[in-house]
Structures are given as C-alpha cells and as structure tokens.
Amino acid sequence: MTVMSIQKMPALSVDRLVKTFDVSAPWLNRLIERKPRQVLQAVNDITFHVPMGGCLSLVGESGCGKSTVARLVTGLYKPDTGDIRFAPGQDGKPLSAQMIFQDPYASLNPRWRVKNIIAEPLRELKLRNSKAEITERVEELLKTVGLSASDGEKFPHEFSGGQRQRISIARALAGEPRFLVCDEPTSALDVSVQAQVLNLMRRLQDEFGLTYLFISHDLSVVRHMSDRIAVMYLGRIVEEGDTEDLFAKPRHPYTQLLLETIPNVKHPHRDRVVAGGEVPSPLKPPSGCPFHPRCPIATARCSEEIPPVRTLASGTRVACHFVTEQ
Amino acid sequence: MTSDTSKPGAIPPPTMLQRVRDSDIWWSFTHSKSAMFAATVLAVLILAAVFAPFIAPQDPYDAAQLDMWKAELPPVWQEGGEWPFLLGTDTQGRDLLSAILYGTRISIVIGLASVALSLLIGMTAGLVAGFFGGMIDNILMRIGDITLSIPTILIAILVSTVVRQLLPADLREIGASAVLIFAISLSSWVQYARTVRAQTIVERNKEYVQAARLLKVPARRILAHHILPNTLTPVLVAATLNFGMAILTEATLSFLGIGMPPGQPSLGTLIRIGNQFLFSGSWWIVLFPVIQLCLLVVVVNLLGDWLRDVLNPKLR
Ligand SMILES: Nc1ncnc2c1ncn2[C@@H]1O[C@H](COP(=O)(O)OP(=O)(O)OP(=O)(O)O)[C@@H](O)[C@H]1O
Ligand code: SF4
Ligand SMILES: [Mg+2]
C-alpha cells in the first residue's frame, strides 16, 4: 500500500452500527408481572468515518448514545450488528485506540499512585521493560501533559479535576495510541479549566499526529476541536458535515435547535436542557423520524416514514424529509 | 534522569507511618473513647492468651499438674480460697484462670481462622459473581441464599457430624478445631460474598476498570489489583463484627458438646463443664468463663461498630 492511499483512507470507518441493551426485569419478575422483554436501542444504524489525523466530534443531548458509540469503537462493548474498522498503521496492524473518560474522579483508581496509573499501559503492553525505563517514561509523560515529575508519587485525590484529566491523558498516551476516543473529557470541569485541557489536547494531536473521535454535548467546545461534526439524536446521526459548514448552514431542524441554544457567557450552563420539549425515552422511540415530536416543521409524513440519510453536494449528510440542496 | 524528589526543596513523599498518623481513621480513633477502650481491652486479652504458657500458673492440659485435693476451690478472696488459684479450680483441680487463658487462646484462634477461611470463600465468590455476572453469578448467589436459609447451628451440626463419621477415631480430637473452623466458615461466607459482589459491580463499571480492560489486562489481574483493594473497606467492617460472631458460634457449638472436647477446652467448653456445677454451689466454674467470653465479644463488637461508623461516609 502506498503512502498516498494510507493518507486517504479514513483512520476509522464505522458502518451501520447497532447496539441494543436488554433492560428487562429478571425472568422471574417478568413471569409474575407478565411483562415482556424490554430492549433499549442505544445506537441505531450509525455510519461515519474519521479522517486520518483529523477529529470527528459526536454531539448530542444526554442519553443519545454517545458514550455507547465510544465504547463500541474501543471494543468495550460488542456491537449487535455493523462494522468497526481501523485503518492499518505502519506496522500493518489496525491502529491502536485509547480512551479518555468523562468522569475525572472515577477514571483513576483511588488507591494507586499516579506513577503506577501511568505505568500500567507501559507494563501491560510491554512498551518499556526495565524499572528505570518505566520511571523515565512516566516522568516524560507527566511533563508532556503539563504536570511535574514529582506528581507521580501522589494519589489521585490530591489533584483537581483538570489535573486528573491530564493524568488520564498521560495514561492514554502511555499506550502509544494513534487514535484517541475522548468521551466528554471536559464536561465535568470548570469553564476556565476546560479551555486549558482542550488546548492541551489540540497540542498533543499536532505533536503526535493523533486522530480523535471527540464526544461532547456542547457545540461550542466541539467547534474548536473538530474537522467534522456528527449530530446524534436518540441513537441516530441526524446530520454530519464539516465544522464550519455546519455552523454556517445547519440543515437539520435539530441541529438548528442545538445551535440556537448554545451556551453563551450569560448562560454558561444552559446546555443539557434543550428548549422545546423532552427527549423521548430510547425504550419507546417515536415512530418515523425520531425527532418529530419536537420538530417545529414536522408533518404527518414525519411520524410515518423514517427519513433516509442523504448526502448533499457539500458533503453534508442529513436525515430529514424536508432538507433541500439550498 | 533524576526524579524531582531528589532536588532540594522538593517535598518527599510521605512515609507509611506519616500516612497512618495523618489519616482520618487514626484521628477518629484517638477521639473515640469507646474505640480506645475496646482496643486496649482486646489487646490485653489477646496478649494474655498468646502468652498464656508464660503467664498461667498451670498448664491445664497437663494431667500431672492437676491435684484432685485442690478440686473445687473457690476464688482466693472467698472463704477456703488458696493461692495461686486466683479464680478457684474446677472439679478436677484445674486452675480456672489458666483454663480461661488457654481457652481464650483456642477461641481466638478458631475465631480468626474461621473468619479467614470464610473471607477467602466469600470474597472469591463475590468477586467472581460480581465481575462475570450472568449464569455464574446466579448460581453462586443462589447457593448463598440456600446457605443463609439454614441456621448456622444446623450447618455446623451437619458438618461436624458428617466429618466426625468420616474421620478415624484417633483423629477426632485433633480434627475438632478444623471441623469447627470449616463449619463456621461455611455458614458465614455469604455475607462477605454479598458485600464484595455489590462493591465489585460498582467498581467494575467505573471508568478506571474500563481503562484497564482497554489494555487487555487479564480478568484475574483486574480483580486482584483494581477491584479487590477497593472492596476491602466494607469487608473489614464485616470481618470484625463476624469475628465476634464466630467466637460466639464456636462457644455455642462447644457448649452443645459438638465443638472442642474437654481435653482442649475453649471458652464454650469451659462454660458447658461449669454449667453442670452451677447449682452445686461452685458458681465460679461457670461464671468466670462466661465473663471472659462476654468481654471478648463485646470489645470486638465495639471495635467493629466504630469501624463501621468511621468507614461509612454516609453515617458521618
Ligand atoms: N450498559 C448499559 N445497560 C443498559 N442501558 C445502557 C447501558 N449503557 C447505556 N445505556 C443506555 O443507553 C442510552 C445511551 O447511553 P449513553 O451513555 O451512550 O448516552 P450518552 O449520550 O453518553 O449520555 P451522557 O451525555 O449522559 O453521557 C441511555 O438511555 C442509557 O440509559
Ligand atoms: S423528518 Fe420531519 S420531523 Fe424529522 S426533522 Fe425532518 S421535518 Fe422534522
Ligand atoms: Mg456519556
């Protein structure tokens, strides 16, 4: 394979991914209460590509299935159906992926020293062998993410949320990944700290040539990070396009709604509740277009027919009956 | 490359001792009268039991040291009491204080051993059930439910009867303590299993465990290095309280005559023997072992209650 074709190949291709969770009561309760099995559609027929060295962001409200996609991509969950393919790296094996998690408190083992947390990937993946090499690499990683080498001796509870996220990033980098899945890495942080962590992540992307799958519920965070944005609603992607395109010309009514409610300086925390009604339960998704109960331009057709995904001339993909080329 | 800690001005990491001294537990210990009292009494009881061969005036197992003429002597402060029999003697001329010290030793050893064995069974079952879930979880927990629905005493009687039948006669005396330990553990592992399982399910879904799974760390090592240490707190509380329970169960079984034989008396055996003389006027033969047993169990439970309050953040 030539260098050119590797460059053009997406780092990650996800094709028609489906994941359901069986959330039924135990069989004895079902028997007694005569309830049927309950299946939750967390991810419903999702397709996207992440360009090599680029950043694709998944955006959507809480519960729309973003974390589930992240876990499917990293292999923590098995998909029901669908394909997840990483491009081969220089060694011919698929790119290795690591993950940065949402909760800076649950993502570090409270009983381990930071140096051991960061050394875990080095030891498990046998990236360094001798003790001295591991120590040296851990200190190097701590400095890379803006901490000091002596921080390795401390325990996670001695750090702030932002510093913990830096530790998580250092641990992820220790696995020498080419691909990073970042599941809302800044949503638990103060706004001032968010920017620092985001800047660090951008710097690392350039420095190490990383490819990101970035997840957020916050469009303004995503704008600075991503080349492309995919907007999710109830387990489906409703619109996907280049970042600037999407901000300049949102096509899908849901994307428009999200953009109108972007948190600003006056209302920094107006994010998770989006105006215009509740998100339906993924246990009982609406018929037809999943967005129709909240859509301002919905017609009778919307509640009957699932809108197919169409690719516009600009490369934007959108799932709505009434979106036209203009 | 040298680490920053060796540079002048850098604060060295705290030592183990410093960490203990600065910890919340130590602070709350030094500020709780009942915990300090219980710990002191327990330490004295344990030390006295451990060093029984050096402290006790007599070796109560050595028939040659027993003097039938000194049988049923009352405590020294009573009419007819005699040195060195501080707490009096039993019907065979055995010094009661010595018998109690040695008996406490047996009770503590059996208590500790059965807590250790039930911890081993319970924690393994809990970790496996909680981590893997599904069928294996179901099977293990249903076995636990069944075990819990049979009274401890009944399990102990069943086990000891069966084992006694299986053991050759000359091993029965020696095997008595092993049978007790096994029987008590078999009836008390479920609590640990449930506690550990619940905690394991919580930890398993935490993101640090998922980070380890991303690295393909084998389940065995995830359980041992990540999950197990984080389940220890509730287990420690349960183990302390169960230590008291185990001593009581052992005493009950020995009192009923299916525990330690008179040749190796535990506190329960002493109480059983003494009980026969309660109405013949030799009250001391039963009273002092009872007091010792109560004291032991009460201080252990006091410590357990204190630990539970300290380690459970919801109660603070
Ligand atoms: N392991 C699971 N078992 C059952 N249901 C699950 C599981 N994981 C996720 N779900 C359900 O799937 C849906 C999508 O969850 P997911 O965590 O992917 O959402 P999210 O977009 O990441 O939300 P948030 O912004 O709150 O993190 C939710 O309704 C959730 O309750
Ligand atoms: S398909 Fe209908 S309901 Fe769905 S977004 Fe388009 S207009 Fe709204
Ligand atoms: Mg999430």
Side-chain angles (χ1 to χ4, degrees), chain A residues 26-28 67 70-71 74-77 96-113 115-117 120-127 132-133 135-140 142-143 147-156 158 164 167-168 171-172 174-175 177 181 183, chain B residues 1-16 18-20 22-24 133-135 137-139 141-142 145 199-233 235-236 311 313:
Chain A
W27 68 269
L28 196 63
S67 296
R71 282 168 192 191
T74 49
L76 287 172
Y77 291 159
S96 58
Q98 287 294 324
M99 187 160 167
I100 298 168
F101 295 91
Q102 179 168 359
D103 183 350
Y105 292 88
S107 56
L108 305 174
N109 188 337
R111 289 173 192 271
W112 283 30
R113 280 182 204 277
K115 62 175 181 188
N116 293 327
I117 292 175
E120 192 181 26
L122 301 177
R123 298 202 174 105
E124 290 298 335
L125 303 175
K126 304 210 167 39
L127 298 172
E133 278 176 323
T135 311
E136 188 180 330
R137 177 73 176 137
V138 167
E139 288 177 359
E140 190 186 339
L142 278 169
K143 286 179 186 151
L147 296 168
S148 79
S150 60
D151 285 335
E153 295 294 333
K154 296 184 189 160
F155 286 91
E158 298 174 59
R164 283 161 174 260
I167 297 168
S168 281
R171 170 179 57 192
V181 178
D183 187 2
Chain B
M1 200 159 121
T2 55
S3 86
D4 270 10
T5 50
S6 59
K7 282 183 201 151
I11 306 160
T15 63
M16 191 69 182
Q18 276 171 323
R19 280 175 48 213
V20 168
D22 295 343
S23 67
D24 292 352
M135 194 58 133
D137 179 21
N138 247 322
I139 293 175
M141 287 302 115
R142 293 304 80 77
D145 290 346
Q199 193 69 25
T200 302
I201 291 174
V202 171
E203 299 295 326
R204 178 190 69 183
N205 291 324
K206 283 203 182 149
E207 296 170 340
Y208 73 87
V209 173
Q210 306 200 333
R213 281 178 40 195
L214 271 187
L215 296 170
K216 307 253 178 339
V217 182
R220 178 173 39 82
R221 233 175 313 155
I222 292 186
L223 282 173
H225 293 175
H226 285 294
I227 295 181
L228 178 69
N230 285 304
T231 64
L232 286 182
T233 311
V235 165
L236 185 66
L311 296 178

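These figures come from a predicted structure and were not determined experimentally. Every heavy atom of this structure was used, including side-chain atoms; hydrogens, water molecules and symmetry mates were not.
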Check your understanding: Is it true that a side-chain atom of A:Trp112 and a backbone atom of B:His225 form a donor plus acceptor pair closer than 3.5 Å?
Key -> yes
Point to revise | Leading residue by heavy atom contact count with chain B [cutoff under 4.5 Å; candidates A:Ala106, A:Ala172, A:Pro121, A:Ala132] | key: A:Ala106
Exercise for review: Would you give the length of the straight line joining atom NZ of B:Lys206 to atom CG of A:Leu108, rounded to the nearest 0.5 angstrom?
Suggested key: 11.5 Å
Check your understanding: Roughly how far apart are A:Asn109 CG and B:Tyr208 OH, rounded to 0.5 Å?
Key -> 4.5 Å
Study note, to complete from the structure: Interatomic distance, CD1@A:Ile100 vs CD@B:Glu207, rounded to 0.5 Å, equals 12.0 Å
Review point. Going from CD on B:Gln210 to OH on A:Tyr77, what distance comes out if it is rounded to the nearest 0.5 angstrom?
Key: 6.0 Å
Review point. Got a sec, which pairs hit salt bridge (charged side-chain N to carboxylate O under 4.0 Å, His left out) with one end in residues 217-228 of chain B, sequence neighbours left out?
Key: A:Glu124-B:Arg221
Review point. What residue in A:Arg171, A:Gln98, A:Arg71 has the most heavy-atom pairs under 4.5 Å with chain B?
Key: A:Arg71
**Study point:** Over all atoms of both residues, closest heavy-atom pair of A:Arg111 and B:Pro229
**Key:** NE-O, 3.1 Å
Review point. Looking only at heavy atoms, what is the nearest atom pair of B:Leu214 and A:Thr74, with distance?
Key: CD2-O, 3.3 Å
Check your understanding: How many angstroms lie between CE in A:Met99 and CG in B:Leu215, if you round to the nearest 0.5 Å?
Key -> 12.5 Å
Revision key, fill the gap. When every non-hydrogen atom of A:Glu120 is compared with those of B:Ala212, the smallest separation belongs to OE2-CB, 3.9 Å
Review point. Taking only residues at least two apart or on different chains, which pairs with a member in residues 98-109 of chain A satisfy salt bridge (charged side-chain N to carboxylate O under 4.0 Å, His left out)?
Key: none
